[in-house]
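Computed from heavy atoms alone, side chains included, the values below leave out hydrogens, waters and symmetry copies.
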Amino acid sequence: MAFPERNLFVRGMVKSLGFKQAYVYYDRAARFAGESKYPLRRMLSFAWDGVTSFSVRPLRLIMNLGLLFILFSIAVIVWALVIYTEGRTIPGWTSLLVSVWFVGGAILTALGIIGEYIGKIYKEVKRRPRFIVDDTVGMKAHLHDMDNLSELPADK
């Protein structure tokens, strides 16, 4: 089995293989000497690698946020038009407010849709196996038949 991708997140790979796992709980003593050489910035980078190596959820979050902005902007449009008809607005305020919220939501939604396509491409180019075969039964005879396919007559 091969995982030919360059940015391997080994902790995620082990979990995705599907082997049985167990947790070992222990009480960790205080550090004996010195300080950790693994700063917070590096830990956050490691966590982000874990999220982006196995998920396209951040991309979906952007699309959902864009849709939420569009829904919110529709509510704001209704509210702003009511305020406008009552004459309680500054000239140009309503159109500016409506356009900023709606266009912002539309842009985020479009970016999310593009992100979905990029996420699908990303999953494909990693070339991870689609499934892992745990056990085979009776495969030797089948594999032998597959080896003999070249001996079949071409007319059939």
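- Here M43 contributes atom CE and S36 contributes atom OG; the two are 5.5 Å apart, rounded to the nearest 0.5 Å.
- If you chain together hydrophobic residues whose side chains sit under 4.5 Å apart, F72 and W79 fall into the same group.
- Atoms CG and CD1, from L111 and I118 in turn, are 9.0 Å apart once rounded to the nearest 0.5 Å.
- Counting heavy atoms from C-beta outward, W48 and P58 have side chains that approach closer than 4.5 Å.
- With respect to L108, the side-chain contact (heavy atoms from CB on, under 4.5 Å) criterion is satisfied by exactly one of L65, L68, I70, N64: L65.
- Taking the six-membered ring where tryptophan is involved, the planes of F69 and W101 are tilted, since the angle between them lies from 30° to 60°.
- Other residues, nucleotides and ligands contribute only 12 or fewer heavy atoms inside 6.0 Å of the OH atom of Y117.
- Within 6.0 Å of CD1 in I90 there are 12 or fewer heavy atoms belonging to other residues, nucleotides or ligands.
- Between K120 atom NZ and E116 atom CD the span is 6.0 Å, to the nearest 0.5 Å.
- Atom CD of E86 has more than 12 heavy atoms from other residues, nucleotides or ligands within 6.0 Å.
- Side-chain contact between M63 and I113 is present, with heavy atoms from C-beta onward closer than 4.5 Å.
- Going from atom OG of S95 over to atom OH of Y84 covers 8.5 Å, rounded to the nearest 0.5 Å.
- Other residues, nucleotides and ligands contribute only 12 or fewer heavy atoms inside 6.0 Å of the CZ atom of R41.
- With values rounded to the nearest 0.5 angstrom, I114 atom CD1 is found 11.0 Å from T109 atom OG1.
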